[in-house]
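Bear in mind the structure is a predicted one, so any value in this text is a computation, not a measurement. Along the sequence shown, the residues carry numbers beginning at 1. Every number for a ligand or one of its atoms is a count from 1 in the order of the listing.
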Amino acid sequence: MAKSIGNKTNIAVFISGRGSNLKYLIKNSNYKNSLFRVNLIISNNSNALGLKYAEKSKIKFYVINYNNIENAEIKLLKLLKKFKIELICLAGFMKIISKKFIDKFNKPILNIHPSLLPKYKGLNTHFRAIRNKDKYSGSTVHLVTEKLDSGKIILQKKIKISKLDNVKSLEKKVLKIEHKIYSAAVCKFLSNL
Ligand code: GAR
C-alpha cells in the first residue's frame, strides 16, 4: 500500500551510540512529503550521544536496560504497541534482536550496515575492507532476520576506497552516504508495501 501525504508511517529508531543516522532520519521525516514519522526512539545505553537528537526534536525516547534481554524485549514490545509503531529502524543498535522478538513484533525491521553485504557481516567492516585492499566499500540497508546481517537487501550504495584511506576516513565516507540512503531505503520499502 503506497502511503500518501499526511498519512505517515510511524517508525521507531533504535540506537546505541552517536546517532548520526538517527539525526538524518529525523531530519528527513520532517519533510512534508516524507512517508514516515519518527515516533519513538530507543537506546540500550543511557549515555548514547544520539539521545541529544531525541531531546532536541521532542520525540519520546526510552533507555532500555539490556541486562536481561527477555525483560528488555517485553518492555520494548509494549512500547512499540503503545506508540503504534509499524516499522523499526536499527541505526547503530549494537544488541542482538531475538527471533522471538522478530516474531512477536511481526512487522518489518530494517538495519543499516557499513559494508557491501553480503561482504563483511558483523563488526570491524572498514578495517576488513582496507586489510583486504578492496576497491569499493559502501553501506547496505536490509531487512532484519534472525541471521545476522543476512536479510533481504533494500538499498545499497557503493563508494570508492582510495589508497590513502584508513579506517577513520573510510568510516567518514561511508557515514556520509548512510545519511542519505537510510531515509531513501525506508521510503522505497514503504512505497513497495
Ligand atoms: C553506522 O555506520 C551503522 O552502519 C553501523 O554503526 C554506525 C552507527 O553510526 N551499524 C553497525 O555496524 C551495525 N552492525 P551512528 O550511531 O552515527 O548512526
inquiry  = Tell me if the aromatic rings of Phe14 and Tyr62 count as close, with their centers under 6.0 Å from one another.
reply    = no
Polar side-chain atom of [X] near backbone of [Y] as donor-acceptor pair, under 3.5 Å:
X: Asn10; Y: Asn39; answer: no
X: Asp165; Y: Ile161; answer: no
X: Asn68; Y: Glu70; answer: yes
X: Ser150; Y: Leu148; answer: yes

key: Option among Ile154, Leu155, Asp149 that satisfies the side-chain contact (heavy atoms from CB on, under 4.5 Å) test with His142   = Asp149
inquiry  = Using a 4.0 Å cutoff against the non-hydrogen atoms of Gly19, which atoms of ligand 1 qualify?
reply    = 15 (P), 16 (O), 17 (O), 18 (O)
task = Provide the number and element of each atom of ligand 1 under 4.0 Å from a heavy atom of Ser20.
result = 15 (P), 16 (O), 17 (O), 18 (O)
Quick one: nearest non-hydrogen protein atom to [atom], plus distance?
atom: atom 14 (N) of ligand 1; answer: His113 ND1, 3.4 Å
atom: atom 10 (N) of ligand 1; answer: Ile112 O, 3.5 Å
atom: atom 8 (C) of ligand 1; answer: Gly92 CA, 3.6 Å
atom: atom 9 (O) of ligand 1; answer: Arg18 NH2, 3.0 Å
atom: atom 12 (O) of ligand 1; answer: Pro114 CD, 3.4 Å

task = Select one of side chain, backbone, both or neither to describe which atoms of Glu178 lie under 4.0 Å from any atom of ligand 1, heavy atoms only.
result = side chain
query = Among the heavy atoms of Ile15, does any lie under 4.0 Å from an atom of ligand 1?
reply = no
inquiry  = Quick check: is Phe61 connected to Ile26 through a chain of hydrophobic side chains (ILVMFWY, heavy atoms under 4.5 Å apart)?
reply    = yes
